[in-house]
Peer 1: 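One structure, as structure tokens, below. Some questions next.
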There are 2 protein chains.
Amino acid sequence: MVAPWIGALRDDALANDRYAYDITEGLTTEVGQRMAGTAAEARARAWSVAKLNAMGFANVRVETFDMPVWVRGRESAEIVSPFPQQLVVAALGNSASTGPSGISGEVVAFDSVDALRAAPDSAVRGKIVFIDHRMMANQDGSGYGQFGAPRRAGPTIASQKGALGIVVRSIGTDHHRGAHTGVISFADGVRPIPAGALSIPDAEQLVRILRRGQKVTMRLRLESIRIANAQSGNVIAEVPGRDPSLAPVMVAGHLDSWDQGTGAIDDASGVAIAAAAAKRIMDAGRPLRTIRIVWFGAEEVGLFGGLDYLKRHGKDPHYAIAESDFGADRIWKVNSKLGAARREEARLLGAALAPLGIVTGSFDEAEGSDIGPLLASGVPGVGLSQDGTRYFDYHHTPDDTLDKIDPAQLRQNVAAWTAMLAVLSGGIEAPRRRAKR
Amino acid sequence: MVAPWIGALRDDALANDRYAYDITEGLTTEVGQRMAGTAAEARARAWSVAKLNAMGFANVRVETFDMPVWVRGRESAEIVSPFPQQLVVAALGNSASTGPSGISGEVVAFDSVDALRAAPDSAVRGKIVFIDHRMMANQDGSGYGQFGAPRRAGPTIASQKGALGIVVRSIGTDHHRGAHTGVISFADGVRPIPAGALSIPDAEQLVRILRRGQKVTMRLRLESIRIANAQSGNVIAEVPGRDPSLAPVMVAGHLDSWDQGTGAIDDASGVAIAAAAAKRIMDAGRPLRTIRIVWFGAEEVGLFGGLDYLKRHGKDPHYAIAESDFGADRIWKVNSKLGAARREEARLLGAALAPLGIVTGSFDEAEGSDIGPLLASGVPGVGLSQDGTRYFDYHHTPDDTLDKIDPAQLRQNVAAWTAMLAVLSGGIEAPRRRAKR
């Protein structure tokens, strides 16, 4: 069923790929953090254009767009009484700034967003809200949706009830003293308030302090600045297909990162996996369909890159789209949504991936952050699901650094993406049996 | 051989002890960090006196002493070129202050202290020295001696060669972005220079950046203040023996901690284990010999508490001394140095501990930081060695927090210390077969 040349390309990637590690190492080392809309992200785009050209891709270009920027400043959280001590905090993206003198108030605690929602305004007004939760690690990462509510919904509800500020237990699964940042979107008309995440050990410390039953006063300083308009951009490159009239296959990741780490798992490895797989196809010969690599800008702070791509290219046909944005641990499942008429192709894809231990999941699902709007508009897609068991130990923390990348698992990702592109790109002209090392 | 009542006390501690966790939780929650000579350490002494009195110990007292104090200020490390980015750094104790404007210089790297020592002064003068190393985790913690050289010897050598400052790869075994601090002692006559530790991921990042072969410029800001004279103290409590003329058995830990974490494994758990074991003996009845609990002050910054105790009590007889200062993971080995005439007692001690899985090691060794000077002067001692495999993941970092304490392993520690005190304290009057729950 699966052509031998497809298996050979896949297995060569599994054993020998260096492209993905090279990109991941280079981007995290030579650029480091690359917060959306900043000079660091601009350096990342310049680095990417040079890298993609050096790798031999065609049509390497940047599509720029404007966006509002939020930048972290100095930040601290301190228990003033009854037990004076510093806690580790990180401002959430779009937090209001406390200014340098900070805010002080009594802490009022809730064990869920629902508990906050049910509280009378009088219990919250003028206080600093703390929301706890119990997120656990899951292979499919499903806890992030449900247990991310304190970060996503908490600040808006707290502001509506008149809170001075809010701190949440980091949306994560580790026990280290880096806080998990992430974006918040205050609902329309809601006044932004200072909003931060405590590291998980610090959130647990605060719970212990609160359990003593005394009034707890916190001083919170979360400085930040906003720039109304700055530039970001999507970096695009291609492996031209033999038939330019055919719709391209798009493989993607996002180039921007949060500012605390170097964005190794989020998402240097993602852009690396997508490009490495395309490069391995290119090394093997010319695919029938064009492969388009898109390294999106400004994903973390609101999918600005994905929305710009949608605006420019949403009406263009795409044969299939896929995005890698969940770290670099092994792929364990493939979902796809290619449409009923392409069921056989979806099955072939599953068969090409099965030797990597990958389970064939749904034929009616695909996912991706930047490509979400395109998928929602009906574009066919594939989802290669990575093992998320340890993803939320590092996600959006200072610990998202290169040492968290397991080279062997990274190669398994590239092998899967290479096999996927081999299946979807319509056949390679004069395929060599072994890709260039 | 081992009296049944000793086994019963040991096993009751293993199954049921709550004293040690209660102390560890209380001290780390209600006081938090307690840097030597600071107001926080003074609060810790007050907390300790109240706690030890509440537990029913006798002769609870503080022996104060004066000491010089070093306090951390703001700190940052930044690669200025060729790849601008922030690195995580922590000043080492007794580092010179850079002042608020920091220092900037070219980075010159060495893979060991020996390599630095061998370098000509001209290669170092006016530069910022970086020393790398390859410490690995070992059960007995033995890597700390050899691989701690960059921190202990590096700053002095760098200063002697005219370096502007020095950063070392943290002396640790983790891959998280907290730096491992620790004290440095500049040799006599050597001018202190700014000295910091990079977190291990940041040290590895710097190595990658240096490997690109371009000149690397770092800006380092390590602010700190010194107070010539402040107060610390040792907190002492006793279980009075039936025969006050006999030399006491001393069990110890240290009360002070570094400032980045809450000092859970270093050394709240140590003081807790020592006191919990003494409390369990007291619950069971009156020992023949007095048990003296000493919670030393100002260990981390130079053994000031141990030296004060030596000065005051070094001439007094002690039947045996022991200190817990290596976390709260399980005890795997017992060493002792009770003298040839007490070999049978040492063997009995080993037999009492064997049911906990503890190996009997040397009869000519004992160890401990604060009690080191006493041991060196010939006082008999016992060393209950904890498993250090993960100790240097957290040691002297922000991650030294309560969640790193495994309650089951903590109880095993208390069980071992209780058995040791049962053997050494000379028999309990009217021992109850089961200690009070």
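Proteins get letters first, then strands, A, B, ... in listed order; numbering begins at 1 in each. Keep in mind that this is a model prediction, so the values were computed, not measured. Side chains are part of it too, since the values below use all heavy atoms of this structure and drop only hydrogens, waters and symmetry mates.
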Peer 1: Does a salt bridge link A:E30 with B:R208, judged by any charged N lying under 4.0 Å from a carboxylate O?
Peer 2: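 Result for this pair is no, no salt bridge flagged.
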
Peer 1: Is there a side-chain contact (heavy atoms from CB on, under 4.5 Å) between B:T29 and A:R212 once you walk through the steps?
Peer 2: CA-CA 10 Å; B:T29 301; A:R212 263 64 177 175; 3.8 Å; yes

Peer 1: B:H176 vs A:H176 aromatic rings, parallel, tilted or perpendicular, using cut-offs 30° and 60°?
Peer 2: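 Judged by the thresholds at 30° and 60°, the geometry between B:H176 and A:H176 is parallel.
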
Peer 1: Checking A:R74 against chain B: side chain, backbone, both or neither under 4.5 Å from a heavy atom?
Peer 2: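 The answer is the side chain of A:R74.
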
Peer 1: Looking at B:T401, B:D399, B:D202, which makes the most heavy-atom pairs under 4.5 Å with chain A?
Peer 2: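 It is B:D399.
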
Peer 1: Shorter than 4.5 Å, heavy atoms on both sides: which option in B:G32, B:S199, B:P201 has the most such pairs with chain A?
Peer 2: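 Heavy-atom pairs under 4.5 Å are most numerous for B:P201.
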
Peer 1: Relative to chain B, which segment of A:P84 carries a heavy atom at a distance below 4.5 Å: side chain, backbone, both, or neither?
Peer 2: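 Looking at A:P84, backbone and side chain both touch chain B.
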
Peer 1: Would you find a donor on one side and an acceptor on the other, under 3.5 Å apart, between the side chain of A:R177 and the backbone of B:Q260?
Peer 2: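 Yes.
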
Peer 1: Do A:Q205 and B:T262 have side chains that approach each other closer than 4.5 Å (heavy atoms only, starting at C-beta)?
Peer 2: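 Yes; the side chains approach each other to less than 4.5 Å.
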
Peer 1: Can B:K404 and A:E204 be counted as an ion pair, charged N to O under 4.0 angstrom?
Peer 2: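 Looking at A:E204 together with B:K404, the answer is no, because their closest N to O distance does not fall below 4.0 Å.
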
